[in-house]
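Scroll down for the structure; my scribbles are underneath it.
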Amino acid sequence: MLTTLGADGEVDAGELVEEAGAVLAYCGVGLAMLLLGFVLIDLLTPGKLRDLIWVERNHNAAVLVSTGFLAQGLIVVAAIYASSDALADGLLTTVVYSLIGLVISAVVFLLVDLLIPGRVRHDLVHETPHPASWVLGVLRIVVSGIVALAIV
């Protein structure tokens, strides 16, 4: 954790640079995991999520992606919190735990798609707002909360 202040309250420049590098490394891993989550959901849904959200202004796709970012973010934060003080080990465990979260999220998404009437993957990219987008989104957040708590 950050320890740049010495006993006398002065900042150690060398430690500050080292810890700033660690912060940037964890940010890079976290952002990569969020991007990977976006790509995974894009693969699981018909159409291109980028176009659905930013061009077509599709409400369902926006809910799906937003809740996915929140869900994956919970796991990344927990993984960073629980990581080792050794930077390389901490980054590795953050990646591994984040990937586990992505896999579990995808499995939940596919299970819901199999267990409900119709095809939620197709409903969630339809232009008409669908309540299933919120149901699935909240489910993914709760499942990610469970994974995050298991990590810490």
Side-chain angles (χ1 to χ4, degrees), residues 1-5 11-113 120-127 129-152:
M1 298 303 139
L2 297 180
T3 59
T4 54
L5 289 178
V11 175
D12 180 323
E15 286 183 23
L16 178 61
V17 169
E18 183 179 320
E19 291 174 359
V23 168
L24 291 172
Y26 278 109
C27 286
V29 166
L31 291 173
M33 293 299 106
L34 291 174
L35 179 61
L36 187 58
F38 180 88
V39 169
L40 184 60
I41 291 300
D42 194 20
L43 292 172
L44 294 174
T45 55
K48 289 279 191 200
L49 284 178
R50 290 178 45 197
D51 292 340
L52 287 167
I53 295 170
W54 283 278
V55 176
E56 298 176 28
R57 299 177 174 263
N58 184 294
H59 173 82
N60 299 317
V63 169
L64 182 66
V65 170
S66 299
T67 56
F69 282 151
L70 179 58
Q72 189 62 25
L74 288 170
I75 293 170
V76 171
V77 167
I80 291 171
Y81 180 78
S83 68
S84 167
D85 286 338
L87 181 60
D89 291 344
L91 291 171
L92 178 62
T93 57
T94 299
V95 168
V96 169
Y97 291 149
S98 297
L99 290 173
I100 289 169
L102 284 172
V103 168
I104 291 171
S105 180
V107 167
V108 166
F109 184 85
L110 293 171
L111 282 174
V112 168
D113 195 40
V120 74
R121 289 187 287 170
H122 295 285
D123 291 339
L124 293 181
V125 296
H126 194 270
E127 60 195 36
H130 197 295
S133 63
W134 286 104
V135 172
L136 184 59
V138 170
L139 176 63
R140 292 176 64 209
I141 292 169
V142 170
V143 168
S144 293
I146 293 166
V147 172
L149 190 55
I151 292 169
V152 295

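Since the structure is predicted, the reported quantities are computational estimates derived from the model, not experimental observations. Basis for what follows: all heavy atoms, side chains included, without hydrogens, waters or symmetry-related copies.
- When all heavy atoms of T94 and S98 are compared, the pair lying nearest together is O-OG, 2.7 Å.
- More than 12 heavy atoms of other residues, nucleotides or ligands shown are found within 6.0 angstrom of CZ on F109.
- G137 and T67 get closest at one heavy-atom pair: CA-OG1, 3.2 Å.
- For I104, the side chain to side chain contact (heavy atoms under 4.5 Å, CB included) test picks out I100, V108, V143, V147, with sequence neighbours left out.
- Here the options are L87, D89, T93, the test is side chain to side chain contact (heavy atoms under 4.5 Å, CB included), and the partner is L91; only L87 passes.
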Less than 3.5 Å apart, which donor and acceptor atoms pair up between the side chains of residues 38-53 and the rest of the protein, not counting sequence neighbours?
{"residue": "D42", "atom": "OD1", "partner": "L49", "partner atom": "N", "Å": "3.0"}
{"residue": "T45", "atom": "OG1", "partner": "I41", "partner atom": "O", "Å": "2.9"}

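- Annotation: side chain of L35 is not in contact with side chain of L31 (no heavy-atom distance under 4.5 Å).
- Between A78 and I151, the closest heavy-atom pair is O-CG2, 3.6 Å.
- L92 is linked by a side chain to side chain contact (heavy atoms under 4.5 Å, CB included) to V96, counting only residues two or more places apart in sequence or in another chain.
- Among residues at least two apart or in separate chains, salt bridge (Lys or Arg N to Asp or Glu O under 4.0 Å) pairs with a member in residues 94-113 are D113-R119, D113-R121.
- Shown here are the side chain to side chain contact (heavy atoms under 4.5 Å, CB included) partners of S105, two or more places apart in sequence or in another chain: R140.
- To the nearest 0.5 Å, the span separating CD1 on I75 from CG on L149 amounts to 11.5 Å.
- Side-chain contact check for V23 versus E19: every heavy-atom pair is 4.5 Å or farther apart.
- Residues Y26 and S83 approach most closely at OH-OG, 3.0 Å, considering heavy atoms.
- Take N60 and apply the side-chain hydrogen bond (donor to acceptor under 3.5 Å, both in side chains) test, not counting sequence neighbours, and it matches S133.
- With hydrogens and angles disregarded, no donor-acceptor distance shorter than 3.5 Å links the side chain of S144 to the backbone of I141.
- The nearest pair of heavy atoms linking L34 to G73 is CD2-N, 3.9 Å.
- For the pair E56/E127, no side-chain contact is recorded, criterion being any heavy-atom separation below 4.5 Å from C-beta on.
- Looking only at side-chain heavy atoms (C-beta outward), L111 and V107 come within less than 4.5 Å of each other.
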